Protein chains: 2
Amino acid sequence: MNPNVFDDPRITAVGLLFEVHAGLSARFAAQLDEHGLSPVEFEVLTRLARSPGAQLRMTDLAAQTSLSTSGVTRVVDRMERDGLLTRRACPSDRRSSYAVVTPAGLSRLDGCLPGHLQIIEDWFTGQLDPSALDAVLDGLRRVRDAVNPCATAGSGDDPEEGTGPC
Amino acid sequence: MNPNVFDDPRITAVGLLFEVHAGLSARFAAQLDEHGLSPVEFEVLTRLARSPGAQLRMTDLAAQTSLSTSGVTRVVDRMERDGLLTRRACPSDRRSSYAVVTPAGLSRLDGCLPGHLQIIEDWFTGQLDPSALDAVLDGLRRVRDAVNPCATAGSGDDPEEGTGPC
DNA sequence: AAGCAACTATACGCTAGACAACATTCCCCG
DNA sequence: CGGGGAATGTTGTCTAGCGTATAGTTGCTT
């Protein structure tokens, strides 16, 4: 019927990509867990921290993450309860509210980052010599530009920068 | 405090990888949805279809997917209800049971695959010329071998082949 | 033969997130 | 002005899935 459709090189390629993603994700999650953060919370924290004023409107936050607006509401609820974030009313638009990183949130993030970077280096970037790494990154960048054109305009290669409102 | 920690090339690298993954995942999910399959169900179906006899023991299925054993029970329940799978008693070990793909399940899978492959080609492999693609795949393979050593022994580059029992 | 390990299924509670409905607010256009 | 539509955030409802504990069955080892 389908004599080894699964040996198709396209399947292989996606398989590799997804395996690498899964492996890294698992290691990230384990390390973040040591600091009491879920991957989503870490993503929210980094998104906010790298934004001007360490704040973003809820909608923009949703657009930049993999979350829906209601998902953002829930995550921010949790993180506000934990003291990592605060809501602040937007002066110019009373419908909007900002999610703002608190000092506690920033220090929590700072506690995570070194270990996070170390994992990346140990399991990803450090596994390849510089030229091979560049080749991989160039390729990924091209694919990213196709798959997620919004990100191209952004500051750099931010993960899922502007996922939503394309 | 952290003057642009986020421009660290390591962050960039992971960002690219995750963005590509997210973009492809979203497109896969949309296409599978047209065929009434969730990504997990598709994964289960492909796992089974590529196994000898189009069947696997529940435990092995759990090991090869991102699911727990109880999770597999649930998914197989659903898919059995939908007629895509059947449970069959294992002759050699009466504790075990096989999940077997039904003809309906196979044809459902066959209906998905062309579109699935097309997406891969359109958004991933076709975006790079052969040599660049090879470079990316070689790099990913090396990283995969580090991050998920179990997969190396397998038939090829199966996604998450043997994720569980390492 | 007996006890221990493995495999599956199930029930419980729990979390996360999507989707749709909602109230509020803004803004454009008549 | 003023009304309708769009945007924004929140909430209720629903599904999916995990983790744990429990149980029943079977296989294996001693």
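Order of the sequence lines sets the chain letters (A, B, ...), proteins ahead of strands, with each chain counted from 1. Just so it is clear, the structure is predicted and the values come from calculations on it, not from any experiment.
If you measure from atom CD of Glu43(B) to atom P of dA16(D), you get 17 Å, rounded to the nearest angstrom. Spacing between atom CE of Met58(B) and atom P of dC7(C) amounts to 13 Å, rounded to whole angstrom units. Whole-Å rounding puts the Leu56(A) CG to dT8(D) C1' distance at 15 Å.
Contact annotation: Ser96(A) side-chain N/O to dT8(D) OP1/OP2 distance is not under 4.0 Å. Distances shorter than 4.0 Å separate some side-chain N or O of Arg87(B) from OP1 or OP2 on dA9(C).
The pair Arg141(B)-Asp138(B) counts as a salt bridge, with a side-chain nitrogen and a carboxylate oxygen less than 4.0 angstrom apart.
In the hydrophobic clustering of this structure, Tyr98(B) does not group with Leu48(B); members are Ile, Leu, Val, Met, Phe, Trp, Tyr whose side-chain heavy atoms approach within less than 4.5 Å, directly or through other members.
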5' to 3', nucleotides 14-25 of chain C under a 4.0 Å protein heavy-atom cut-off (B base, S sugar-phosphate only, - none) gives --SSBB-----B
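Applying the salt bridge (Lys or Arg N to Asp or Glu O under 4.0 Å) rule to pairs touching residues 53-72 of chain B yields Arg57(B)-Asp60(B), sequence neighbours excluded.
Residues Ala49(A) and Val101(A) approach most closely at N-CG2, 4.1 Å, considering heavy atoms.
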Using the side-chain contact (heavy atoms from CB on, under 4.5 Å) rule, take Leu85(A) and Gln55(A) through it: C-alpha gap first, then chi angles, then the decisive distance, then the call.
CA-CA 9 Å; Leu85(A) 259 54; Gln55(A) 59 180 15; over 6 Å; no
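For Asp8(B), the salt bridge (Lys or Arg N to Asp or Glu O under 4.0 Å) partners at least two apart in sequence or on another chain are Arg10(B).
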